[in-house]
Amino acid sequence: QLQLVESGGGLVQPGGSLRLSCAASGRTLDNYAIGWFRQAPGKGREGVSCISGGGSTASYGDSMRGRITISRDNNKNTVYLEMSSLKPEDTAVYFCAARWLSYPMICSRNQGWYEVWGQGTQVTVSS
């Protein structure tokens with residue numbers, strides 16, 4: 001059974017940077033597409049980014065494009081989300097999610113597409 005644990009969140013000043021990690025256990029991540037999502041208080045869950053199982057495909061949502069980079073290290077069973085130039089409106093709980101695929105070349109920022117979710121990590125951007 002695949003389990004995901006997010007880490008790396010915290011309090012950061014506007015303009016600052018964070019690197020979120022999504023660590024997997026129970027399965028190797030090689031054939032899992034991974035998505036990053038966020039949910040701000042009172043708002044729906046938003047797809048931030050995703051990466052295919054092989055790492056060849058990545059996608060970014062409009063709200064953070066140009067300020068984030070998704071990457072994965074399958075040897076470490078971990079996917080990363082590097083975030084920079086953070087804004088107060090980026091404050092949210094950030095989740096990662098996984099879906100197993102036999103072809104490791106696609107991903108999606110649609111939350112309904114994913115099968116396994118982590119518990120989330122809080123990111124607060126404030127001075």
*Can you list the steps and then say if L2 with E115 is a side-chain contact (heavy atoms from CB on, under 4.5 Å)?*
CA-CA 10 Å; L2 179 70; E115 301 164 331; over 6 Å; no
_Derivation and outcome, side-chain contact (heavy atoms from CB on, under 4.5 Å), residues L11 and Q122_ = CA-CA 8 Å; L11 174 64; Q122 175 71 47; over 6 Å; no
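With Y80 as the aromatic partner, R19 meets the cation-pi criteria of under 6.0 angstrom to the ring centre and within 45 degrees of the ring axis.
One N or O on the side chain of Y114 and one on the backbone of S108 form a donor-acceptor pair closer than 3.5 Å. Although no hydrogens or angles enter the test, the distance criterion places no donor-acceptor pair under 3.5 Å between the side chain of R72 and the main chain of G55. The backbone N or O of K76 sits less than 3.5 Å from a side-chain atom of T78, completing a donor-acceptor pair. In this structure a side-chain-to-backbone donor-acceptor pair under 3.5 Å is present from E6 to Q119. Under a 3.5 Å cut-off, the side chain of S49 and the backbone N or O of Y60 do not form any donor-acceptor pair. N77 places a side-chain N or O within 3.5 Å of a backbone atom of R27 that can act as its donor or acceptor partner. Distance alone, capped at 3.5 Å, is enough to place a donor-acceptor pair between the T57 side chain and the M105 backbone.
For the residue pair S71 and V79, the shortest heavy atom distance occurs at O-CG1, 3.2 Å.
Using a 4.0 Å cut-off between a side-chain N of Lys or Arg and a carboxylate O of Asp or Glu, D62 and R65 qualify as a salt bridge.
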